[in-house]
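Beneath this line is the structure, given in structure tokens, with notes to follow.
Because the structure is a prediction, the values reported are computed rather than measured. The first residue in the sequence is number 1, and the count goes up from there. The figures that follow rest on heavy atoms only: side chains count, while hydrogens, waters and symmetry mates do not.
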Amino acid sequence: MIRRSFLKTSAFGIGSTFVFKSHSAILENEIIQNGSTPLVISSYNGIRATEKAMEMINKGADALDAVIAGVNIVEEDPEDMTVGFGGLPNEDGVVELDSCCMHGPTHNAGAVGALQNIKTPSKVARLVMERSDHVLLVGKGALRFAKAHGFKETNLLTERAREQWLKWKETRDPDDNWFPPEIDNKGKAYKGVNYTYGTITCLGIDLKGNISGVTTTSGLSYKIAGRIGDSPIIGAGLYVDNEVGACGSTGRGEENLKNLTSFLIVELMRNGMSPKDACMEGIKRVISHAKTKELIKENGRPAFNIRYYALNKQGQFGSASIYGPAEFSVNDGNENKFHPSDYLYEWED
Ligand code: ASP
């Protein structure tokens, strides 16, 4: 349903239910509760992506073209150290990128893992989908495929990322067992080193009501070379069902890989759960399966964070994370802004 028809057909009388709220607050409440399309949502770092994608959708673009163009802005931005060019490297100082995309109307998907030297892995993922009979290409094969299609190689390691990597090497625990190091209460730093997860996922519904999504990342910083996270795995970092909705994820990929939670969340929406509740149910499932001492702290809470973002066919949306507060990016065709995510626990001091 497009915004204009939604406004016309909305069953709620504006003004009668929320008499003390402003007109725009009432409208926003209705949109959140009832849903509205077109719609684009993304992770916190995706506010420019949602803006760009909605601009294209409003001009008639397919949701897949729109969300990929949106995340390309962040992939090409050297300032975002979690995605594409400028992303933090693996333990050898090499940037390896993961991405996947899924096109609702054709239920087709493409992905690349551990791709080096190409700024926009989401574009390569799309080519894998459209120009090959495969879904996932990794490493050297993915790079060869990208170059065959005219992508130019670039050194993705910026000076800023190289300095962080060196700092990480200098402060590395000699007993490092390749498990995640202790992180600060926002999940960001380790002895002053920018040790981080971080990814962009972007989901959209276009004017035809078709749904598509994309997820792209440099993955866990200082990972073992060749490590592939959840972001290029269909059902984990992203899942789309054109009749139901879509879900994307950011955060600790290993736990997402063990649960295929994006698929789960779409299935929960198929059974009638709202995107917001389905995301929280996914969070609870992940936690219920986290059993080792590396994953569960002494106080019984998870030692990691993970976050889901979902929308359904009606244009309702939601997000949930283990720790918060947190926000995510939403463009409902009216406004492009951050919305609060649901979360299970407050960050601990
Ligand atoms: N999920 C990504 C990965 O594990 C990283 C992240 O989103 O923070 O590679």
Whether H339 and F317 hold their rings parallel, tilted or perpendicular, with breakpoints at 30° and 60°: perpendicular
message: Using a 3.5 Å distance criterion without hydrogens, assess whether the side chain of D342 forms a donor-acceptor pair with backbone atoms of A320.
response: no
P89 side chain near Y222 side chain, heavy-atom distance below 4.5 Å: yes
- prompt: Do S43 side-chain atoms and T201 backbone N/O form a donor-acceptor pair below 3.5 Å?
  reply: yes
field: Shortest non-hydrogen contact between P275 and Q316, atoms and distance
entry: CG-O, 3.4 Å
- prompt: Does some side-chain heavy atom of F151 sit less than 4.5 Å from a side-chain heavy atom of L143?
  reply: no
Among D80, V71, V214, side-chain contact (heavy atoms from CB on, under 4.5 Å) partner for I200: V71
task: Give, for atom CD1 of I322 and atom OG of S341, the distance between the pair rounded to the nearest 0.5 Å.
output: 12.5 Å
query: From S221 OG over to Q164 CD, what is the distance, rounded to the nearest 0.5 angstrom?
result: 9.0 Å
message: Looking at R227 and E254, is any side-chain nitrogen of the basic one under 4.0 Å from a carboxylate oxygen of the acidic one?
response: yes
Donor on one side chain, acceptor on other, H103 and D62, under 3.5 Å: yes
- prompt: Less than 4.5 Å apart, any side-chain heavy atom of K313 and any of V244?
  reply: no
field: Distance (rounded to the nearest 0.5 Å) between L88 CG and L156 CG
entry: 12.0 Å
- prompt: Can S122 and N72 be said to form a side-chain hydrogen bond (donor to acceptor under 3.5 Å, both in side chains), step by step?
  reply: CA-CA 7 Å; S122 64; N72 290 162; 3.0 Å; yes
message: Is any side-chain heavy atom of I118 closer than 4.5 Å to one of L97?
response: no
message: Before you tell me yes or no, could you show the steps for E267 and R270 under side-chain contact (heavy atoms from CB on, under 4.5 Å), namely the whole-Å CA-CA distance, both residues' side-chain angles and the distance that decides it to 0.1 Å?
response: CA-CA 5 Å; E267 290 308 294; R270 189 193 303 282; 2.8 Å; yes
Any donor-acceptor pair under 3.5 Å from N336 side chain to I47 backbone: yes
message: Counting C-beta onward and ignoring hydrogens, is there a side-chain heavy-atom pair between N259 and L264 closer than 4.5 Å?
response: no
task: Check whether Y308 and L344 end up in the same hydrophobic cluster, where Ile, Leu, Val, Met, Phe, Trp and Tyr are linked by side-chain heavy atoms less than 4.5 Å apart.
output: yes
- request: Show the numbers, then the answer: is there a side-chain hydrogen bond (donor to acceptor under 3.5 Å, both in side chains) between N256 and T261?
  value: CA-CA 6 Å; N256 202 18; T261 325; 3.0 Å; yes
- request: Could you give me the CA-CA distance, side-chain angles and deciding distance for F304 and E255, then say whether side-chain contact (heavy atoms from CB on, under 4.5 Å) is met?
  value: CA-CA 9 Å; F304 61 92; E255 297 328 297; 3.6 Å; yes
message: Donor-acceptor pair, distance only, cut-off 3.5 Å: does the side chain of E76 make one with the backbone of K119?
response: no
query: How long is the span from the CD atom in E51 to the CE atom in M56, to the nearest 0.5 Å?
result: 13.5 Å
- prompt: Checking K297 side chain against E294 main chain: does a donor-acceptor pair fall under 3.5 Å?
  reply: no
query: Under 6.0 Å from the CZ atom of R285, do we count more than 12 heavy atoms belonging to anything else shown?
result: no
task: Verify the ring-centre separation between Y44 and F338: is it less than 6.0 angstrom?
output: yes
statement: Minimal heavy-atom distance between G87 and A161, with the atoms involved, is O-CB, 3.8 Å
query: Which atom pair, heavy atoms only, marks the closest approach of R48 to D77?
result: NH2-OD2, 2.9 Å
message: Is there a continuous path of hydrophobic side-chain contacts, each under 4.5 Å between heavy atoms, that joins I41 to L238?
response: yes
message: Count I, L, V, M, F, W, Y as connected when their side-chain heavy atoms are under 4.5 Å apart, and connections chain through other members. Are V94 and L157 then in the same cluster?
response: no
- request: Compare all side-chain heavy atoms of S212 with those of P105 and state whether any distance is below 4.5 angstrom.
  value: yes
- line: Only one of V112, T216, T217 passes side-chain contact (heavy atoms from CB on, under 4.5 Å) with D98, and that residue is T217
- request: Flag yes if V128 and L115 sit in one hydrophobic cluster, no otherwise; membership is Ile, Leu, Val, Met, Phe, Trp, Tyr, and two members link when side-chain heavy atoms are under 4.5 Å apart.
  value: yes
- prompt: When you measure from the side chain of D230 to the backbone N and O of L257, does any donor-acceptor pair fall under 3.5 Å?
  reply: no
For the student: nearest non-hydrogen atoms of Y345 and P302, plus distance: CE1-CD, 3.6 Å
message: I'd like to know whether H289 forms a side-chain contact (heavy atoms from CB on, under 4.5 Å) with K258, so could you lay out the CA-CA distance, the side-chain angles of the two residues, the decisive distance to 0.1 Å, and finally the verdict.
response: CA-CA 9 Å; H289 285 156; K258 293 177 213 165; over 6 Å; no
task: Please tell me if the side chains of I234 and Y239 come closer than 4.5 Å, counting only heavy atoms from C-beta onward.
output: yes
message: Quick check against the 3.5 Å criterion: does K223 have a side-chain atom that pairs as donor or acceptor with the backbone of S218?
response: yes
message: To check you understand the geometry: which heavy-atom pair defines the closest contact between K169 and E91, and what is its length?
response: NZ-O, 4.2 Å
query: Distance from T50 atom OG1 to E335 atom CD, nearest 0.5 Å?
result: 12.0 Å
N117/N155 under side-chain hydrogen bond (donor to acceptor under 3.5 Å, both in side chains): CA gap, chis, key distance, verdict: CA-CA 6 Å; N117 296 353; N155 177 11; over 6 Å; no
statement: In this structure, CD1 of I283 is separated from OH of Y343 (nearest 0.5 Å) by 13.5 Å
message: I'd like to know if the side chain of D241 and the backbone of G245 have a donor-acceptor N/O pair within less than 3.5 Å.
response: no
Within-4.5 Å side-chain heavy-atom neighbours: F328 and S42: no
query: Is a salt bridge present between E163 and R160, judged by a nitrogen-to-oxygen distance below 4.0 Å?
result: no
- request: Return yes if some donor-acceptor pair links the side-chain N/O of N45 with the main-chain N/O of T199 below 3.5 Å, else return no.
  value: yes
field: Carboxylate-amine/guanidinium proximity below 4.0 Å for E170 and K167
entry: no
- prompt: Looking only at heavy atoms, what is the nearest atom pair of S249 and T215, with distance?
  reply: O-CG2, 4.0 Å
message: Can you tell me which residue among V67, D65, L39, L207 is in a side-chain contact (heavy atoms from CB on, under 4.5 Å) with I57?
response: L207
query: Given K276 and C279, is the side-chain contact (heavy atoms from CB on, under 4.5 Å) satisfied, shown in steps?
result: CA-CA 5 Å; K276 192 167 126 101; C279 286; over 6 Å; no
- request: Using the rule that two of Ile, Leu, Val, Met, Phe, Trp, Tyr join whenever any of their side-chain heavy atoms come within less than 4.5 Å, decide whether I265 and I287 are in one cluster.
  value: yes
